[in-house]
Amino acid sequence: MHFSDLGLVNAKQMFKKAMAEGYAIPAYNFNNMEQLQAIIKGCGESGSAVILQVSSGARKYANQIMLQHMARGAVAMAKDMGYNIPIALNLDHGDSYELCVSCIESGFSNVMIDGSHLPYEENVALTKKVVAFAHDHDVTVEGELGVLAGIEDDVVAAKSIYTQPEEVQDFLDKTGVDSLAISIGTSHGAFKFKPEQCTVNEEGVLVPPPLRFDILEEIEEKIPGFPIVLHGSSSVLPKYVNIINEFGGALKAAVGIPESQLRKAAGSAVCKINIDSDGRLVVTAMIRKYMAENPEVFDPRKYLGPAREELMKMIMEKNEKVLGSAGRY
Ligand code: G3H
Ligand code: 13P
Ligand code: ZN
């Protein structure tokens, strides 16, 4: 199954336009129907291109055949609602050649091969092999150099190993990737920094250390005009963390990347910004609140509906106020 049969596009044109106009394409992860509906409606309503992301964990959770049909359904739903936005489907953190091949054969239009934890030459060899297969199918490929702090799927990094600008040109030449994920201080999940790494502002909110924009600038100088990807870019919005904690949750000292930092990154060569945890937090907050306030309800639509609605709103706000991708289509 080729991705065009599902109505999807690869990332090439999206990145070209984002680079030229100084914004970033949102890449939102999904695992179920409600998340997917919220992403499509949120991006459709805000006139933003979107990259739908599926991790290997999501693939196991939802089933690969189901996902293929969900992607087809998402594109059809977007058209039916009158949204004229490009939609790509990306494998997030692909960890083997075989997984990338399987996703490409089932209709993914972009794959990430994450060899960032491997020794440099092994990362190059694996990424190059994936690119050869992917490009034969018109599928675009994201590689990664540098390791994010925290948990990158099965890869546990104690602390981030920032991308070395001197390596990027060589990596691009040897692999032929279409975009490059870099490490400049972001990390996955809802606990991106320890409280002792942060300062506290007047409202008592933890403020993390700034991203390493100096490294980003050096990279941009080495590979001008090349699309850069930022993983681990949820802001861990206090609004939702607070609701979770108010209604029985235990997310103490959760901290993310401030929106101002992401806004700055989106105006640079960063063309794709990955957001998963913020969506998880919205859904959990709304469900916790609904359950606590409506203990007699047992119809899943009653609590999943408001969660889906709030997720859509959060996505629209991000597209408009953080990524700058709203209104481009
Ligand atoms: O970067 C990782 C994504 O947030 C996916 O997470 O492996 O739990 O689906 P997951
Ligand atoms: P967050 O955990 O910050 O949402 O990052 C998601 C991500 O990088 C997916 O690849
Ligand atoms: Zn990631």
Side-chain angles (χ1 to χ4, degrees), residues 11 24-32 35-36 38-39 42 50-64 66-67 70 88-96 99-100 103 108 110-117 141-157 160-161 163 179-193 208 211 228-238 240-241 244 251 254-259 261-262 265-266 270-285 311 314-315 317-319 322-323:
I25 308 287
Y28 295 113
N29 291 66
F30 75 97
N31 296 263
N32 63 27
Q35 286 174 310
L36 185 55
I39 297 167
V50 63
I51 298 175
L52 304 169
Q53 299 208 129
V54 169
S55 68
S56 59
R59 208 165 177 250
K60 282 186 206 118
Y61 177 79
N63 179 287
Q64 64 184 82
M66 177 61 89
L67 279 173
M70 283 172 83
L89 179 65
N90 176 44
L91 166 66
D92 191 23
H93 293 284
D95 59 358
S96 70
L99 177 61
C100 292
C103 285
F108 282 59
N110 192 85
V111 291
M112 176 197 192
I113 177 68
D114 182 358
S116 60
H117 54 287
V141 180
E142 174 183 330
E144 179 165 345
L145 268 182
V147 183
L148 273 62
I151 296 168
E152 260 189 326
D153 282 8
D154 296 334
V155 187
V156 180
S160 54
I161 302 164
T163 305
S179 62
L180 182 68
I182 61 167
S183 172
I184 56 165
T186 62
S187 64
H188 292 105
F191 300 89
K192 299 191 189 298
F193 304 92
L211 298 180
I228 300 295
V229 179
L230 277 193
H231 282 248
S233 296
S234 280
S235 294
V236 188
L237 300 162
Y240 300 109
V241 174
I244 290 172
L251 296 183
V255 52
I257 310 297
E259 291 185 336
Q261 303 259 305
L262 296 168
V270 170
C271 287
K272 171 175 179 268
I273 292 189
N274 286 14
I275 297 156
D276 188 2
S277 297
D278 275 342
R280 295 179 180 195
L281 291 166
V282 170
V283 169
T284 303
L311 180 55
M314 187 210 70
I315 285 169
E317 256 195 63
K318 277 206 191 282
N319 292 349
V322 184
L323 290 99

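First listed ligand is number 1; within each ligand, the first listed atom is number 1. Just the heavy atoms: all of them, side chains too, but no hydrogens, waters or symmetry mates, feed the values below.
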* To the nearest 0.5 Å, what is the distance between CE (Met112) and CG (Leu99)? -> 12.0 Å
* **Exam field: side chain Asp278 to backbone Ser234, donor-acceptor pair closer than 3.5 Å** => no
* List every atom of ligand 1 that sits less than 4.0 Å from any heavy atom of Asp276, numbering the atoms from 1 in the order shown and giving each element. => 3 (C), 4 (O), 5 (C), 6 (O)
* To do: Using a strict 4.0 Å cut-off to heavy atoms of Arg280, name the atoms of ligand 1 that fall inside it.
  => 5 (C), 6 (O), 8 (O), 9 (O), 10 (P)
* **Angle at the Zn ion (ligand 3) (to 10°), with one arm to ND1 of His231 and the other to NE2 of His93** => 90°
* Starting from the Zn ion (ligand 3), look over the N/O/S atoms of His188 and name the nearest one. => NE2
* Checking Lys192 side chain against Ser187 main chain: does a donor-acceptor pair fall under 3.5 Å? -> yes
* **Reference residue Met314; test side-chain contact (heavy atoms from CB on, under 4.5 Å); the match among Asn319, Leu281, Val283, Leu237** => Leu237
* Heavy-atom contacts with His93 under 4.0 Å: which atoms of ligand 1 show up? List them by number with element. => 1 (O), 2 (C)
* Asked: So, does Ser116 use its side chain to make a donor-acceptor pair with the main chain of Leu145 at under 3.5 Å?
  -> no
Ligand 2: protein N/O within less than 3.5 Å of ligand N/O:
residue, atom, partner, partner atom, Å
ligand 2, 2 (O), Gly189, N, 2.8
ligand 2, 2 (O), Ser277, OG, 2.7
ligand 2, 3 (O), Lys192, NZ, 2.5
ligand 2, 3 (O), Ser233, N, 3.1
ligand 2, 3 (O), Ser234, N, 3.0
ligand 2, 4 (O), Ser234, OG, 2.6
ligand 2, 4 (O), Asp276, N, 2.7
ligand 2, 4 (O), Ser277, N, 2.7
ligand 2, 5 (O), Gly232, N, 3.3
ligand 2, 8 (O), His188, NE2, 2.9
ligand 2, 8 (O), His231, ND1, 3.4
ligand 2, 8 (O), Gly232, N, 2.8
ligand 2, 10 (O), Asp92, OD1, 2.9
ligand 2, 10 (O), Asp92, OD2, 2.7
ligand 2, 10 (O), His93, NE2, 3.2
ligand 2, 10 (O), His231, ND1, 3.1
ligand 2, 10 (O), Asn274, ND2, 3.1

* To do: Give, for atom NE2 of His93 and atom NE2 of His188, the distance between the pair rounded to the nearest 0.5 Å.
  => 3.0 Å
* Structure fact -> Here the pair of heavy atoms bringing Val322 nearest to Ala266 is O-CB, 3.9 Å
* Nearest heavy-atom pair of Gly146 and Thr163: which atoms, and what distance? -> CA-OG1, 3.8 Å
* Select one of side chain, backbone, both or neither to describe which atoms of Asn29 lie under 4.0 Å from any atom of ligand 1, heavy atoms only. => side chain
* **Point-to-point distance, once rounded to the nearest 0.5 Å, from NZ of Lys318 to CD1 of Ile275** => 4.5 Å
* Asked: With a 4.0 Å cut-off on heavy atoms, is Arg59 touching ligand 1?
  -> no
* Could a heavy atom of Ser55 be found less than 4.0 Å from some atom of ligand 1? -> yes
* Quick one: does Thr186's side chain have a donor or acceptor within less than 3.5 Å of a partner on His231's backbone? -> yes
